[in-house]
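Taking it in order: structure first as structure tokens, then the write-up.
The structure presented is a predicted model; accordingly, all values stated were derived computationally and were not measured. Throughout, residue positions are numbered sequentially from 1 according to the sequence presented. Side-chain atoms are counted along with the backbone in the values below, which use heavy atoms only and exclude waters and symmetry mates.
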Amino acid sequence: MCLAHLDAAQRVAHHAALSPGADLDHRGTPFTQGLLDELLAALRDPTSGRHLVGRAAFDEARFSGDVQFERVDFTDEVSFGRARFDGGVCFRATRFGSDARFGEMVVAEDTWFDGSDMHAGVWFRQAVLGGALRFQVAEVGGRAVFDGLTAGGDAEFTGVEFREVAGFTGVAVEGEAWFDGTVFHGEARFARASIAQKAWFDGAVFRQAADFAGATLGQDVSFSDARFERGAGFREANIGGDAEFHRTGIEGDVVFRKATFLRTARLGPLVCAGLLDLSEAVFHSAVTIEAAAKDLRCRRTRWGSTAALRLRHAAVDFGDAVLEFPVSVAGRSRPFVSDDGTQPDEPGLTDPRVRVTSLRGTDAAHLVLADVDLTDCLFAETVHLDQLRLEGRCPLPEVPAGIHRRRWLPVRWTRRRTLIEEHHWRAARQHTHGWTPAPADTDIREPAALAPVYRQLRKALEDGKNEPGAADFYYGEMEMRRHDRESPWGERALLLLYWAASGYGLRATRALGWLLLAMTATVLAMMVWGVPKDDPAPRSTGQLTGTGFTLTTDKADPVNPEGPYGRRLSDERFEKSLRVVINSVVFRSSGQDLTTAGTYIEMTSRILEPALIGLTLLAVRGRVKR
């Protein structure tokens with residue numbers, strides 16, 4: 001019979017038949033606290049003073065008012081499936097020796113597990129708690145399942161040690177949630193969980209993967225001093241406030257792929273020895289991200305407001321990112337400082353550089369790069385690259401140093417900054433060595449595609465009043481145009497001549513060298529063929545006619561020099577030739593009588609050598625203009 005429907009004498013007889021450790025089956029029984037106390041009193045162990053219960057079934061039981069299970073030992077499985085508590089329920093100092101099942105339990109007010117011990121599993125699947133849940137249990141030895149649990153107030157799991165899988169999938173907490181100091185030995189599953197207010201995981205330990213996929217964290221979430229030993233996944237999560245990772249130790253990857261940050265003003269400071277994945281995430285508010293990671297992936301990330309990424313050690317992939325407002329990516333030389341003034345350790349992070357590896361498909365109109373390494377950055381297909389801002393020190397790959405052999409000719413590349421795509425293209429040519437080859441999954445861009453990239457980068461620096469810094473990009477643009485096989489051969493020949501004469505107007509030493517060589521050759525040509533054998537002396541003749549006198553002065557034509565070439569190379573002829581050449585460079589006549597060959601040599605010198613002087617001055621100006 002139902003215990004609640006027995007009269008007093010029958011209940012006394014029933015309780016007298018019970019002994020400590022007896023099994024209980026009160027499914028569907030309506031309980032009051034008084035009725036429950038009478039039942040538990042019959043199971044009291046006189047030695048320990050605790051209430052010993054064997055297998056217990058309270059499925060679909062109904063408890064009126066506030067109910068308390070105090071100092072109860074459930075030595076076998078206990079079940080409260082679909083039980084209903086009209087008030088609150090407290091399991092104070094209760095021990096669960098086997099599985100405890102609270103599936104689909106309904107509690108109108110708070111639920112407390114103060115000082116309870118659970119050496120086996122616990123099941124709260126689809127339970128509905130109208131108030132708070134306080135789970136102050138030292139240890140859950142078996143599987144912990146809270147899937148689908150709804151708590152109308154706060155949820156507290158401070159200091160709990162979950163020995164096996166802890167499932168909080170689909171949990172809904174209307175208040176705050178505390179997991180401070182909680183240890184998850186198995187997987188921690190918070191997929192699709194919803195915490196309306198703040199969530200605290202300070203000092204928590206996740207020994208296996210932590211899964212927050214699809215979770216909704218309505219306000220701030222804190223993982224300060226926590227430790228992730230197998231990484232954490234926040235795929236498709238919704239984060240309403242800040243995400244703090246002060247002094248958090250993370251081994252493995254942290255994935256925020258497709259996550260949505262609604263009012264997040266700060267993410268970090270986060271130290272991750274693996275990958276920090278923000279791909280396809282959406283940031284709706286202005287945010288500051290502080291992260292020290294081996295890799296940072298921001299592919300197709302949407303920045304709906306301003307953002308500042310302050311990074312250390314990371315290789316950043318910004319491919320196809322969408323920037324609606326200014327976004328800055330800056331390298332930090334010093335470790336981040338937490339709010340309490342401490343600096344987190346950075347184990348496993350040894351490369352001091354912050355490297356941007358790709359901007360492909362990104363709209364760079366709002367992008368600022370400061371103190372980042374662009375040695376391996378892919379720029380092709382970047383939109384509005386001419387509006388990219390580079391600040392601080394942003395090194396790019398340089399040409400191979402030293403002398404290399406191309407086919408049978410020795411080659412020495414003049415120093416300049418390049419794009420890694422040019423390295424890939426040149427390395428793919430069988431006769432070119434010393435350039436960086438392209439990775440297996442990277443397309444090799446032809447010169448026709450790289451010339452516009454150089455042009456836009458040059459314009460970006462020129463718009464920033466950094467003409468000297470833009471010179472190398474102009475050189476690269478001209479190089480790609482010269483090597484573009486689709487360009488007309490006449491244009492390529494002209495560019496080849498421009499390159500050979502002065503390095504596209506950027507190599508002053510080359511133009512100066514050609515000038516000295518041209519002047520030397522002109523002097524020698526003058527000495528050999530241009531200066532006549534002797535300076536012809538004028539001869540005057542006069543004629544007297546009546547009272548008048550007519551004077552006529554004639555000058556003989558210059559005589560070509562004769563004899564061996566060695567005799568023509570005298571000091572006197574050198575001085576005359578040098579004077580002629582120097583005067584011709586500045587478009588002045590030397591007044592020296594020249595042979596016919598010398599006249600043409602001088603005319604050629606007046607055209608060629610001033611042009612070389614102009615190229616030299618142009619190269620110097622290109623390097624010093626501000």
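Of the possible donor and acceptor atoms, one in the side chain of Ser305 sits under 3.5 Å from a partner among the backbone N and O of Ala286. In this structure, Asp253 contributes its side chain and Gly274 its backbone to no donor-acceptor pair below 3.5 Å.
Using a cutoff of 4.0 Å between basic side-chain nitrogens and carboxylate oxygens, Glu139 and Arg163 are scored as salt-bridged. Here Arg143 does not pair with Glu164 in a salt bridge; the nearest charged N to carboxylate O distance is not below 4.0 Å. By the 4.0 Å N-to-carboxylate-O rule, Arg353 lies close enough to Asp373 to be salt-bridged with it. We find that Glu381 and Arg445 are joined by a salt bridge, their nearest charged nitrogen and carboxylate oxygen being less than 4.0 Å apart. The pair Arg227-Glu251 does not count as a salt bridge, with every side-chain nitrogen at least 4.0 angstrom from each carboxylate oxygen. Remark: Asp73 engages Arg95 in a salt bridge, criterion side-chain N to carboxylate O under 4.0 Å. Here Arg27 does not pair with Glu60 in a salt bridge; the nearest charged N to carboxylate O distance is not below 4.0 Å. Taking the charged nitrogens against the carboxylate oxygens, Asp110 and Arg134 have no contact shorter than 4.0 Å, which rules out a salt bridge. Ion pair Asp99/Arg101 flagged as a salt bridge, since at least one NZ, NE, NH1 or NH2 atom sits closer than 4.0 Å to an Asp/Glu carboxylate oxygen.
In this pair, Phe283 and Trp303 present their aromatic rings parallel. The plane angle is below 30°, not in the 30 to 60° band. In this pair, Phe223 and Phe201 present their aromatic rings parallel. The plane angle is below 30°, not in the 30 to 60° band. Taking the six-membered ring where the residue is Trp, Phe212 and Phe190 present parallel rings, their angle staying beneath 30° rather than reaching 60°. Taking the six-membered ring where tryptophan is involved, the planes of Phe228 and Phe206 are essentially parallel, since the angle between them stays under 30° and well short of 60°.
A distance below 6.0 Å separates the ring centres of Phe31 and His26. Between Phe124 and Phe113, a ring centre-to-centre spacing shorter than 6.0 Å is recorded. Between Phe85 and Phe58, the ring center distance fails the sub-6.0 Å criterion. Tyr454 and Phe379 have their aromatic ring centers separated by at least 6.0 angstrom. Between Phe179 and Phe135, the distance separating the two ring centers is not shorter than 6.0 angstrom.
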As a quick check of understanding, evaluate side chain to side chain donor-acceptor pair (under 3.5 Å) for Gln208 and His185, giving each step before the final call. CA-CA 6 Å; Gln208 300 295 328; His185 290 274; over 6 Å; no
Between His313 and Asp351, is a side chain to side chain donor-acceptor pair (under 3.5 Å) present by the stated rule, with each step listed? CA-CA 5 Å; His313 308 288; Asp351 193 340; over 6 Å; no
Derivation and outcome, side chain to side chain donor-acceptor pair (under 3.5 Å), residues Asp59 and Ser79: CA-CA 6 Å; Asp59 302 279; Ser79 176; 2.5 Å; yes
Apply side chain to side chain donor-acceptor pair (under 3.5 Å) to residues Asp202 and Ser222 and explain how you reach the verdict. CA-CA 6 Å; Asp202 295 345; Ser222 176; 2.5 Å; yes
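In this structure, Thr342 and Pro344 have side chains that are not in contact, with every pair of non-hydrogen atoms separated by 4.5 Å or more. Annotation: side chain of Asp345 is not in contact with side chain of Val271 (no heavy-atom distance under 4.5 Å). For the pair Leu267 and Phe245, the minimum side-chain heavy-atom distance is below 4.5 Å.
More than 12 heavy atoms of other residues, nucleotides or ligands sit less than 6.0 Å from atom CG of Asp25. No more than 12 heavy-atom neighbours from other residues, nucleotides or ligands sit within 6.0 angstrom of CZ on Arg389. For CH2 of Trp200, the number of neighbouring non-hydrogen atoms (other residues, nucleotides, ligands) closer than 6.0 Å is 12 at most. At most 12 non-hydrogen atoms from other residues, nucleotides or ligands lie less than 6.0 angstrom from CZ of Arg82. Annotation for Arg302: atom CZ does not count as buried by contact number, only 12 or fewer foreign heavy atoms lying within 6.0 Å.
Counted by atom type alone, Thr418 and His423 present one or more donor-acceptor pairs between their side chains at under 3.5 Å.
With respect to Phe336, the side chain to side chain contact (heavy atoms under 4.5 Å, CB included) criterion is satisfied by exactly one of Arg310, Gln343, His246: Arg310.
A cation-pi geometry, defined here as NZ or CZ lying under 6.0 Å from the six-membered ring centre and within 45° of its normal, holds between Arg417 and Phe473.
Residues Thr362 and Asp320 come closest through the heavy atom pair OG1-N, 3.2 Å. Thr169 and Arg192 make their closest contact through CG2-NH2, 3.0 Å (heavy atoms, listed as atom of the first residue, atom of the second, distance).
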Solution key, residues 151-159 side-chain donor-acceptor pairs under 3.5 Å, sequence neighbours excluded:
from   : atom 1 : to     : atom 2 : distance (Å)
Asp154 : OD1    : Glu176 : N      : 2.7
Glu156 : OE2    : Thr158 : OG1    : 3.4

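For Glu236, there are no salt bridge (charged side-chain N to carboxylate O under 4.0 Å, His left out) partners at least two apart in sequence or on another chain. Not counting sequence neighbours, the partners of Trp425 by the ring pair (Phe, Tyr, Trp, His ring centres under 6.0 Å) test are His483.
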